[in-house]
Amino acid sequence: MEILIYLDNAATSFPKPEIVYEAIMESMREYGANPGRSGHKLALKAGRAIYETRELLSKFFNIEDPMRIIFTSNATDGLNLVIKGLLKSGDHVITTSMEHNSVLRPLKALDNIGVETTVIQCDEIGCIDIKDIEDNIKNNTKLIVTTHASNVTGTIFPIKQIGEIAKKHDIIYMVDAAQTAGIYNIDVIDMNIDILAFPGHKSLLGPQGTGGVYIKKGVEITQMKEGGTGSKSDSLIQPDIYPDKFESGTPNMPGIVGLGAGIKYIIDKGIDNIRDHENKLAKVFIDGLREIKDVKIYGPCDIEKQAPVISINIGEEDSSEVSYILDQVFNIAVRPGLHCAPLAHRTIGCYEQGCIRFSVGPFNTINDIKAAIEAVQTISTEI
């Protein structure tokens with residue numbers, strides 16, 4: 001079989017570093033016990049392995065207390081935990097038109113209990129005017145939630161400046177780092193981030209089924225579930241201590257260990273080196289696409305202003321049809337359609353057509369990019 005060119009890293013990074021596969025297998029074979037529930041050697045080793053990943057994440061994001069990091073099954077899980085555990089009837093929240101449904105759908109669901117949402121309209125390339133955020137703050141605004149980078153256009157948001165606005169008005173600021181954690185430096189203190197949701201399976205290079213959310217001390221969140229935590233087992237009341245308050249049930253120990261291995265890989269290679277590599281490939285791709293007739297590129301088209309996510313259309317062709325051809329004829333994996341972000345597609349003007357998203361990862365090569373450009377050129381010519 002022809003070697004697959006994988007350009008769907010914005011959905012899930014693939015492949016993973018070898019050390020991730022090795023760490024997962026070793027944890028299952030050598031100490032696959034239930035962490036935090038028993039006192040024997042295997043359970044203790046599993047518990048220490050989970051804490052090691054918690055510590056790695058705290059250093060990675062400059063989080064002072066590792067215990068404020070809650071492990072979740074993905075970024076969506078963390079976003080739901082906070083949005084539904086924080087907001088109450090009468091609260092007001094500000095978000096943007098470039099958000100993923102993992103933000104927009106939980107907020108929409110809270111309409112039913114009287115939570116008001118203001119969606120700030122971004123421009124046609126997905127950029128936001130932060131003045132619009134400040135102009136829409138009300139007396140009851142409790143939360144500002146934005147993406148760090150759009151999963152459709154890659155447009156990077158000025159999260160530090162937004163965080164400063166939130167801090168100035170004593171409003172909680174939550175960042176969805178689904179497209180940036182592991183590629184861009186994120187410092188929750190310097191960037192005034194109160195809550196950070198992140199997936200483990202994208203640019204942090206961990207396995208699927210992993211993610212987390214950091215919650216700053218002093219932010220009060222109600223848990224969404226109760227159950228066994230291995231702590232205060234004599235009480236029928238859910239413990240209020242972190243992270244136990246939010247981590248009921250057996251954790252995904254092998255996945256969390258794999259996530260830790262992914263972070264170690266990033267630290268070893270250097271996050272700046274990984275980002276530079278991906279950005280260089282993204283620039284080559286954008287420059288190549290610009291030379292192809294009938295290709296429309298969405299977003300900033302500037303690697304200084306976007307993550308290595310490039311969405312396009314070819315004339316009026318259906319994005320799913322083009323994606324099918326890329327897969328079946330050229331063996332190139334991409335993502336078509338609306339990318340779970342309908343308001344973003346309305347914002348950039350491709351709601352009806354959707355778009356074809358190419359997303360670069362650390363293991364892509366210049367030959368991958370050249371092959372993708374040639375494939376788009378061929379499809380543009382022949383369709």
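Keep in mind that the numbers below use all heavy atoms, side chains included, and drop hydrogens, waters and symmetry copies. Sequential numbering from 1 along the given sequence is applied to the chain's residues.
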Please check if the side chain of [X] supplies one atom and the backbone of [Y] the other of a donor-acceptor pair under 3.5 Å.
X: Ser319; Y: Gly337; result: yes
X: Gln179; Y: Ala10; result: yes
X: Asp91; Y: Lys88; result: yes
X: His339; Y: Cys355; result: yes
X: Ser97; Y: Leu343; result: no
X: Thr153; Y: Tyr298; result: no
X: Thr95; Y: Val145; result: yes
X: Asn252; Y: Gly209; result: yes
X: Arg346; Y: Tyr351; result: no
X: Gln353; Y: Glu317; result: yes

Which heavy atom in Ile69 sits nearest to a heavy atom in Leu57, and how many Å separate them?
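Between these two residues, the closest heavy atoms are CD1-CB, 3.7 Å.
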
Applying side chain to side chain donor-acceptor pair (under 3.5 Å), can you list everything that pairs with Asp272, at least two apart in sequence or on another chain?
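Applying side chain to side chain donor-acceptor pair (under 3.5 Å) to Asp272 gives Asn185, Arg275.
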
Assess whether a salt bridge exists between Lys45 and Glu30, defined as any Lys/Arg side-chain N lying under 4.0 Å from an Asp/Glu carboxylate O.
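Salt bridge between Lys45 and Glu30, a charged N being under 4.0 Å from a carboxylate O: no.
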
Check salt bridge (Lys or Arg N to Asp or Glu O under 4.0 Å) between Asp170 and all other residues, then give those that pass, not counting sequence neighbours.
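With neighbours one apart ignored, the set is empty.
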
Name of the residue among Val295, Ile325, Ile292 meeting side chain to side chain contact (heavy atoms under 4.5 Å, CB included) with Ile314:
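With Ile314 as partner, side chain to side chain contact (heavy atoms under 4.5 Å, CB included) holds for just one option, Val295.
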
With Ile83 as partner, the option from Leu86, Asn80, Leu87 fulfilling side chain to side chain contact (heavy atoms under 4.5 Å, CB included) is Leu87

Might you work through the salt bridge (Lys or Arg N to Asp or Glu O under 4.0 Å) test for Glu64 and Lys217, ending with a clear yes or no?
CA-CA 10 Å; Glu64 292 179 332; Lys217 188 174 182 179; over 6 Å; no

Report the residue from Arg357, Lys202, Arg335 that forms a salt bridge (charged side-chain N to carboxylate O under 4.0 Å, His left out) with Asp8.
Arg357

Would you please classify the geometry between the Tyr6 ring and the Phe14 ring as parallel, tilted or perpendicular, with 30° and 60° separating the classes?
perpendicular

Ser248 and its side-chain hydrogen bond (donor to acceptor under 3.5 Å, both in side chains) partner, picked from Gln238, Gln223, Glu226:
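Between Ser248 and the candidates, side-chain hydrogen bond (donor to acceptor under 3.5 Å, both in side chains) is satisfied uniquely by Gln238.
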
I need the full list of ring pair (Phe, Tyr, Trp, His ring centres under 6.0 Å) pairs touching residues 162-205, with sequence neighbours left out, sorted by first then second residue.
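Every pair satisfying ring pair (Phe, Tyr, Trp, His ring centres under 6.0 Å) with a residue in residues 162-205: Phe61-Phe198.
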
Could you go through the side-chain contact (heavy atoms from CB on, under 4.5 Å) check for Leu79 and Met174 one step at a time?
CA-CA 9 Å; Leu79 290 164; Met174 177 165 67; 3.9 Å; yes

Assess the residue pair Asn364 and Phe285 against the criterion (side-chain contact (heavy atoms from CB on, under 4.5 Å)); give the C-alpha distance rounded to whole Å, side-chain angles, the decisive distance to 0.1 Å, and a yes or no.
CA-CA 12 Å; Asn364 285 122; Phe285 190 53; over 6 Å; no

Assess the residue pair Leu104 and Asn101 against the criterion (side-chain contact (heavy atoms from CB on, under 4.5 Å)); give the C-alpha distance rounded to whole Å, side-chain angles, the decisive distance to 0.1 Å, and a yes or no.
CA-CA 5 Å; Leu104 296 174; Asn101 273 341; 4.1 Å; yes

Establish whether Ile356 and Leu281 are linked, either directly or via other cluster members, by ILVMFWY side-chain heavy-atom contacts under 4.5 Å.
yes

Determine, stepwise, if the pair Lys264 / Asp268 fulfils salt bridge (Lys or Arg N to Asp or Glu O under 4.0 Å).
CA-CA 6 Å; Lys264 289 177 183 177; Asp268 179 60; over 6 Å; no

